[in-house]
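Worksheet for the structure shown next.
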Amino acid sequence: MSLRVRRFVCEEETCERKTCAEQAPGLTRKFGRRTERLQSSLVSVGLALAGRAGARMTDAFKVPVSRNTLLRLIASLPDPATTATRVVGVDEYAQRKGRIYGTVLVDVETRRPVDLLPDREADTHAAWLAGRTGIEIVCRDRAPFFAEGASRGAPQALQIADQLHLWHNLGEAAERCAYRHRGSLRPTPAQPEEPQEEAEPPELSLTTLGRNG
């Protein structure tokens with residue numbers, strides 16, 4: 001398949017760009033080194049597999065690119081259109097485990113991250129919620145600073161625990177209940193001892209007989 005386009009020449013002597021080529025809509029772009037179809041394929045690979053694994057997949061497709069190229073393609077994508085968040089999930093994330101923590105906010109209904117806060121303080125959380133009056137439900141963990149921030153920043157919202165912490169609470173309650181009633185558990189019946197088989201006398205070899213004789 002061949003593509004034929006026109007090249008235009010600028011007659012203005014002061015113009016730094018003397019020539020320019022015609023673009024084919026949907027096929028090429030200005031200063032592009034790949035077709036739009038190949039570009040979209042590489043973006044799909046990058047979104048599905050990210051850097052290293054995506055680079056290995058492009059080798060299989062016979063269009064090898066580096067992992068950094070895939071990451072640049074993903075970073076250049078426009079941000080997806082966002083809608084008003086109704087149910088927000090709040091949890092912490094570690095910038096440096098054991099030392100620096102921040103707050104991640106997720107739209108629970110679309111499962112997309114909404115924002116990252118630089119810390120996990122109640123004031124920061126409350127200020128973020130105060131600017132979004134459409135939030136109806138705050139799904140959070142049991143941290144007191146998240147509870148305080150939600151109460152101050154979104155008093156109209158219902159606060160609930162997320163599924164992970166509900167299961168965690170249920171497991172702890174079941175463990176405490178089993179510990180309190182451990183005396184009611186029936187002891188494991190003793191297994192009857194199997195009769196031991198008599199050891200067979202060792203076989204006598206010619207070497208043994210010769211030594212004993």
Side-chain angles (χ1 to χ4, degrees), residues 25-26 29 36-37 39-55 57-58 67-182:
R29 68 171 62 187
E36 292 294 287
R37 183 177 181 181
Q39 186 92 346
S40 62
S41 299
L42 293 177
V43 168
S44 299
V45 171
L47 290 174
L49 301 175
R52 297 183 186 277
M57 182 60 70
T58 59
R67 62 185 182 90
N68 292 329
T69 298
L70 291 178
L71 296 178
R72 281 196 298 269
L73 291 176
I74 297 174
S76 64
L77 293 176
D79 294 334
T82 57
T83 58
T85 305
R86 191 181 68 89
V87 183
V88 62
V90 184
D91 207 343
E92 62 184 11
Y93 72 96
Q95 300 178 14
R96 189 173 181 183
K97 192 172 181 180
R99 297 189 179 184
I100 303 175
Y101 288 89
T103 302
V104 58
L105 301 129
V106 180
D107 189 329
V108 176
E109 294 180 315
T110 61
R111 298 184 179 182
R112 287 183 175 178
V114 177
D115 205 348
L116 293 176
L117 304 182
D119 53 47
R120 51 181 182 180
E121 300 296 330
D123 294 337
T124 307
H125 184 205
W128 189 91
L129 292 173
R132 295 161 177 79
T133 57
I135 294 178
E136 301 176 8
I137 300 175
V138 177
C139 181
R140 60 173 181 81
D141 68 3
R142 299 177 294 178
F145 38 82
F146 289 149
E148 181 183 352
S151 299
R152 288 162 44 191
Q156 79 286 352
L158 174 66
Q159 298 186 37
I160 62 175
D162 58 24
Q163 186 178 17
L164 172 65
H165 292 88
L166 288 176
W167 280 109
H168 183 71
N169 293 346
L170 178 60
E172 288 185 345
E175 184 178 357
R176 289 194 299 268
C177 181
Y179 182 78
R180 287 196 302 267
H181 297 84
R182 64 187 184 281

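All values derive from a computational prediction rather than experimental measurement.
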How far apart are the closest heavy atoms of [X] and [Y], and which atoms are they?
X	Y	answer
Arg67	Ala55	N-CB, 3.9 Å
Pro118	Thr124	CD-CG2, 4.4 Å
Leu70	Leu42	CD2-O, 3.6 Å
Ile74	Leu47	CD1-N, 3.7 Å
Val90	His125	CG2-NE2, 3.6 Å

Query raised in the report: Counting only heavy atoms not in Arg182, do more than 12 sit closer than 6.0 Å to its CZ atom?
Result: yes
Requested in this report: Can you establish whether the number of heavy atoms outside Glu175 located under 6.0 Å from its atom CD is more than 12?
Outcome: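 Counting neighbours around CD of Glu175, 12 or fewer heavy atoms of other residues, nucleotides or ligands fall under 6.0 Å, so no.
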Reported [atom1]-to-[atom2] distance for the pair [X] and [Y], which is rounded to 0.5 angstrom:
X	Y	atom1	atom2	answer
Leu105	Tyr93	CG	OH	9.5 Å
Glu36	Ser41	CD	OG	11.0 Å
Asp123	Leu117	CG	CG	12.0 Å
Ser76	Arg72	OG	CZ	9.5 Å

Query raised in the report: Taking only residues two or more places apart in sequence, or in another chain, which ones meet Ala53 in a side chain to side chain contact (heavy atoms under 4.5 Å, CB included)?
Result: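 Listed in chain order: Leu49, Arg56.
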Requested in this report: Take Glu148 and Ser151 through the side-chain contact (heavy atoms from CB on, under 4.5 Å) test and state the conclusion after the steps.
Outcome: CA-CA 5 Å; Glu148 181 183 352; Ser151 299; 5.8 Å; no
Requested in this report: Given side-chain contact (heavy atoms from CB on, under 4.5 Å), test Val45 with Thr58 step by step and report yes or no.
Outcome: CA-CA 8 Å; Val45 171; Thr58 59; 4.2 Å; yes
Taking only distance into account, with no hydrogens and no angle test, what donor-acceptor pairs under 3.5 Å do side-chain atoms of residues 129-146 form with protein atoms, sequence neighbours excluded?
| unit_1 | atom_1 | unit_2 | atom_2 | d |
| --- | --- | --- | --- | --- |
| Arg132 | NH1 | Trp128 | O | 2.9 |
| Glu136 | OE1 | Arg86 | NH1 | 3.0 |
| Arg140 | NE | Gln159 | OE1 | 2.6 |
| Arg140 | NH2 | Gln159 | OE1 | 3.2 |
| Asp141 | OD1 | Ala143 | N | 3.1 |
| Arg142 | NH1 | Asn169 | OD1 | 2.8 |
| Arg142 | NH2 | His168 | NE2 | 3.4 |

Query raised in the report: So, do Val43 and Leu77 sit near enough that their side-chain heavy atoms are less than 4.5 Å apart?
Result: yes
Query - Main-chain N/O of Asp119 paired to Thr103 side chain as donor or acceptor, under 3.5 Å - result: yes
